[in-house]
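Below is one structure, written out as structure tokens, with a few remarks after it.
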Amino acid sequence: MDTYEAIVSKRDTRDFSDEPVSDDDLGKVLQAGRMAGSAKNQQLNRIVVVTDAGDRAKLAECGKFADWVPSCPVVMAIVVPREGGKAFDIGRMAQNMMVAAHGLGLASCPVTFHNEDCVRELLGFPDDHEAPMGVGIGHPSPPKEKRKSSPRIPLEELVDWGRWEA
């Protein structure tokens with residue numbers, strides 16, 4: 001799959017099979033995250049990989065919309081310093097990992113951790129760090145029904161040239 005196809009065909013998936021993610025595929029996804037750009041090349045992001053079923057169930061309790069997390073074989077929490085961490089860098093890392101996973105035939109979905117203390121207690125990172133989000137990856141479950149994709153707005157609505165026209 002070429003890069004453009006991987007980007008435009010990737011969809012968030014919250015339904016995973018029980019098939020484990022291979023160490024090789026997980027390594028490639030993590031490497032894709034490592035290679036994401038970083039503001040001033042500070043490379044402040046760190047990743048905690050969560051594969052234990054009990055820990056994934058506890059992690060699901062740390063987010064408001066994370067009920068799918070226990071069924072996801074791998075969840076990668078992105079940990080950053082509370083001061084100086086760059087939200088854009090977190091997003092860049094997450095997107096790299098999700099596109100790489102898609103290119104490997106894996107499904108993925110981002111997850112927001114709304115309860116900072118819950119995540120910190122579970123994953124054990126220091127008080128001066130936070131894990132605002134993570135990425136879940138795994139093999140997709142067989143589709144239960146043909147899922148409708150939410151259409152994207154046309155480029156003509158999205159893009160203005162030179163100045164705001166809307």
Side-chain angles (χ1 to χ4, degrees), residues 6-23 25-39 43-144 147-150 152:
I7 292 168
V8 300
S9 66
K10 191 257 182 249
R11 298 292 177 265
D12 290 344
T13 303
R14 294 171 187 86
D15 231 355
F16 301 92
S17 76
D18 292 335
E19 183 181 352
V21 175
S22 74
D23 290 343
D25 283 350
L26 180 55
K28 288 176 182 174
V29 169
L30 292 168
Q31 177 70 357
R34 184 178 83 88
M35 296 309 296
S38 167
Q43 302 180 56
L44 299 174
N45 296 351
R46 297 296 182 265
I47 302 167
V48 177
V49 179
V50 181
T51 57
D52 178 78
D55 287 343
R56 292 190 326 263
K58 290 175 188 169
L59 198 54
E61 297 172 9
C62 301
K64 293 179 183 173
F65 309 101
D67 58 335
W68 56 272
V69 167
S71 71
C72 183
V74 178
V75 180
M76 299 164 290
I78 302 173
V79 180
V80 296
R82 193 186 306 259
E83 298 295 323
K86 308 286 189 265
F88 188 66
D89 288 356
I90 296 168
R92 293 168 81 183
M93 178 177 272
Q95 189 70 10
N96 269 20
M97 292 191 295
M98 290 187 294
V99 171
H102 180 54
L104 295 167
L106 298 169
S108 68
C109 191
V111 59
T112 301
F113 302 121
H114 298 90
N115 186 333
E116 188 175 311
D117 293 333
C118 175
V119 180
R120 181 178 296 103
E121 184 179 312
L122 178 64
L123 301 183
F125 53 83
D127 288 345
D128 62 346
H129 282 65
E130 61 186 353
M133 74 166 298
V135 172
I137 64 168
H139 292 274
S141 284
K144 294 175 178 85
R147 194 175 131 206
K148 280 182 97 173
S149 183
S150 299
R152 297 288 183 225

Side chain to side chain contact (heavy atoms under 4.5 Å, CB included) assessment of W68 paired with T13: CA-CA 9 Å; W68 56 272; T13 303; over 6 Å; no
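- Rounded to the nearest 0.5 angstrom, K58 NZ and E61 CD are separated by 8.5 Å.
- Taking all atoms of both residues into account, the shortest heavy-atom contact from L122 to L59 is CD2-N, 3.6 Å.
- Pairing each heavy atom of G138 with each of P73, the nearest pair is CA-CG, 3.8 Å.
- With rounding to the nearest 0.5 Å, the separation of CZ in F113 from CG in L123 is 7.5 Å.
- Side-chain contact between L44 and V80 is absent, with no heavy atoms from C-beta onward closer than 4.5 Å.
- Between T51 and V21 the shortest side-chain heavy-atom distance does not fall below 4.5 Å.
- Other residues, nucleotides and ligands place no more than 12 heavy atoms under 6.0 Å from the CG atom of D23.
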Test log, rule side chain to side chain contact (heavy atoms under 4.5 Å, CB included), inputs R120 and D127: CA-CA 8 Å; R120 181 178 296 103; D127 288 345; 3.2 Å; yes
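- In this structure, D18 places its CG atom where only 12 or fewer heavy-atom neighbours from other residues, nucleotides or ligands lie under 6.0 Å away.
- Under the 4.5 Å side-chain criterion, counting only non-hydrogen atoms from C-beta, V135 is not in contact with M93.
- Within 6.0 Å of the CD atom in E121, the count of heavy atoms belonging to other residues, nucleotides or ligands does not exceed 12.
- Summarising the geometry of A66 relative to A60, their closest heavy-atom pair is O-CB, 3.2 Å, with the distance given to 0.1 Å.
- Smallest separation of non-hydrogen atoms from Q31 and R34: OE1-NE, 2.9 Å.
- The shortest side-chain heavy-atom distance between M76 and L30 falls under the 4.5 Å cut-off.
- At least one side-chain heavy atom of R82 sits under 4.5 Å from a side-chain heavy atom of E116.
- Residues N115 and D117 are in side-chain contact: their nearest non-hydrogen atoms beyond the backbone lie under 4.5 Å apart.
- Under the 3.5 Å distance criterion, the side-chain polar atoms of D12 are left unmatched by any main-chain donor or acceptor of C109.
- For the pair F65 and H114, the minimum side-chain heavy-atom distance is below 4.5 Å.
- Considering R14, K10, H102 in turn, K10 is the only one that fulfils the side-chain hydrogen bond (donor to acceptor under 3.5 Å, both in side chains) rule with S108.
- Without hydrogens or angle criteria, S141 side chain to F16 main chain gives a donor-acceptor distance under 3.5 Å.
- A distance of 5.5 Å separates CD1 in I137 from CG in L106, rounded to the nearest 0.5 Å.
- A distance of 11.5 Å separates CG of L26 from NZ of K28, quoted to the nearest 0.5 Å.
- Under the 2.5 Å cut-off for SG-SG separation, C62 and C118 qualify: their sulfur atoms lie closer than that.
- Here the side chains of N45 and R92 are not in contact, with every heavy-atom distance at 4.5 Å or above.
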